[in-house]
Amino acid sequence: MLIVLGTMTLALGQAAAGDVKFGPVLTVTGKITETNRPAYNGLKDVFFNFHQRNFERAFEFDILSLEAIGMQKARINHPGWPGPVSVEGPLLRDVLAAAGAEAGTVRITALDGFTTELAASDMAEQDWIVAIKADGQYLGIGGKGPSWILYARRDGKPATAEDEERWPWAAFLIEVL
């Protein structure tokens, strides 16, 4: 038993360190042309069912596929935070392009059910990042992960409360409407 537990601890320690990456962290559904997973199945997709989200077409991204799109870095400064945060991840527009998304509005859903909609004009205003790392560490469940969708202001000013309210953390689903 101790040997198995020790092996599990080692594997979990590696996953926490970012050495082991597995499983989908973000799903894009709706008006997309690329798919890599089956349509919604009420028996198997219990989390989507819980959030009352079903779909015919979907593209799942894991950490490796998000990294392969191209990692961008941004330093976000918000007066209410203890200090600036450096985030890394692909640009939202590149994630959407990889899924073959039509231009238009997207609805982003977080693990806790929080949703926000971004029109194409909202996405064009800023360079939205699908952050999977903050300050060099992969984002985990319970800390803003699996993905945090946000931007560094193009004007270089610190983020405002209104900016922060638009940034869904623990995002797992993007629906192209």
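- Under the side chain to side chain donor-acceptor pair (under 3.5 Å) criterion, Glu162 pairs with Thr160, not counting sequence neighbours.
- Arg37 meets the salt bridge (Lys or Arg N to Asp or Glu O under 4.0 Å) test with Asp45, Glu60; sequence neighbours excluded.
- When side chains are defined from C-beta on, Met123 does not count as touching Arg93, because their heavy atoms never get closer than 4.5 Å.
- Residues passing the side chain to side chain contact (heavy atoms under 4.5 Å, CB included) test with Glu117 are Thr105, Arg107, Leu177, sequence neighbours excluded.
- With sequence neighbours excluded, the residues that form a side chain to side chain donor-acceptor pair (under 3.5 Å) with Ser65 are Asp62.
- Taking OG of Ser147 as the reference point, atom CD1 of Ile129 lies at 12.5 Å (rounded to 0.5 Å).
- Partners of His78 by ring pair (Phe, Tyr, Trp, His ring centres under 6.0 Å), not counting sequence neighbours, listed by chain and number: Trp81.
- Each of Leu26, Thr109, Thr29, Leu118 was scored for a side chain to side chain contact (heavy atoms under 4.5 Å, CB included) with Ile174, with one residue passing: Leu26.
- Grouped by direct or indirect side-chain proximity (heavy atoms under 4.5 Å, Ile/Leu/Val/Met/Phe/Trp/Tyr only), Leu111 sits with Tyr40, Phe47, Phe48, Phe55, Ile141, Phe172, Leu173.
- In this structure the side chain of Trp128 reaches within 4.5 angstrom of the side chain of Arg166, judged on heavy atoms.
- With sequence neighbours excluded, no residue satisfies side chain to side chain contact (heavy atoms under 4.5 Å, CB included) with Pro38.
- Side-chain atoms of Asp127 and Leu91, non-hydrogen and from C-beta on, do get closer than 4.5 Å to each other.
- With sequence neighbours left out, the salt bridge (Lys or Arg N to Asp or Glu O under 4.0 Å) criterion links Asp155 to Arg153.
- Not a single ring pair (Phe, Tyr, Trp, His ring centres under 6.0 Å) links Phe114 to another residue, sequence neighbours left out.
- Every residue meeting the side chain to side chain contact (heavy atoms under 4.5 Å, CB included) condition with Ala98, not counting sequence neighbours, appears here in chain and number order: Phe61, Ile69.
- With sequence neighbours left out, the salt bridge (Lys or Arg N to Asp or Glu O under 4.0 Å) criterion links Glu34 to no other residue.
- Remark: Ala101 pairs with Ile32, Leu96, Val176 by the side chain to side chain contact (heavy atoms under 4.5 Å, CB included) rule, at least two apart or across chains.
- With no hydrogens or angles considered, a side-chain donor-acceptor pair links Ser86 and Arg75 at under 3.5 Å.
- At least one side-chain heavy atom of Thr116 sits under 4.5 Å from a side-chain heavy atom of Pro168.
- Annotation: the span from Glu175 atom CD to Thr115 atom OG1 amounts to 8.5 Å, rounded to 0.5 Å.
- Under a cut-off of 6.0 angstrom, the local environment of CH2 in Trp169 is sparse, with at most 12 non-hydrogen atoms contributed by other residues, nucleotides or ligands.
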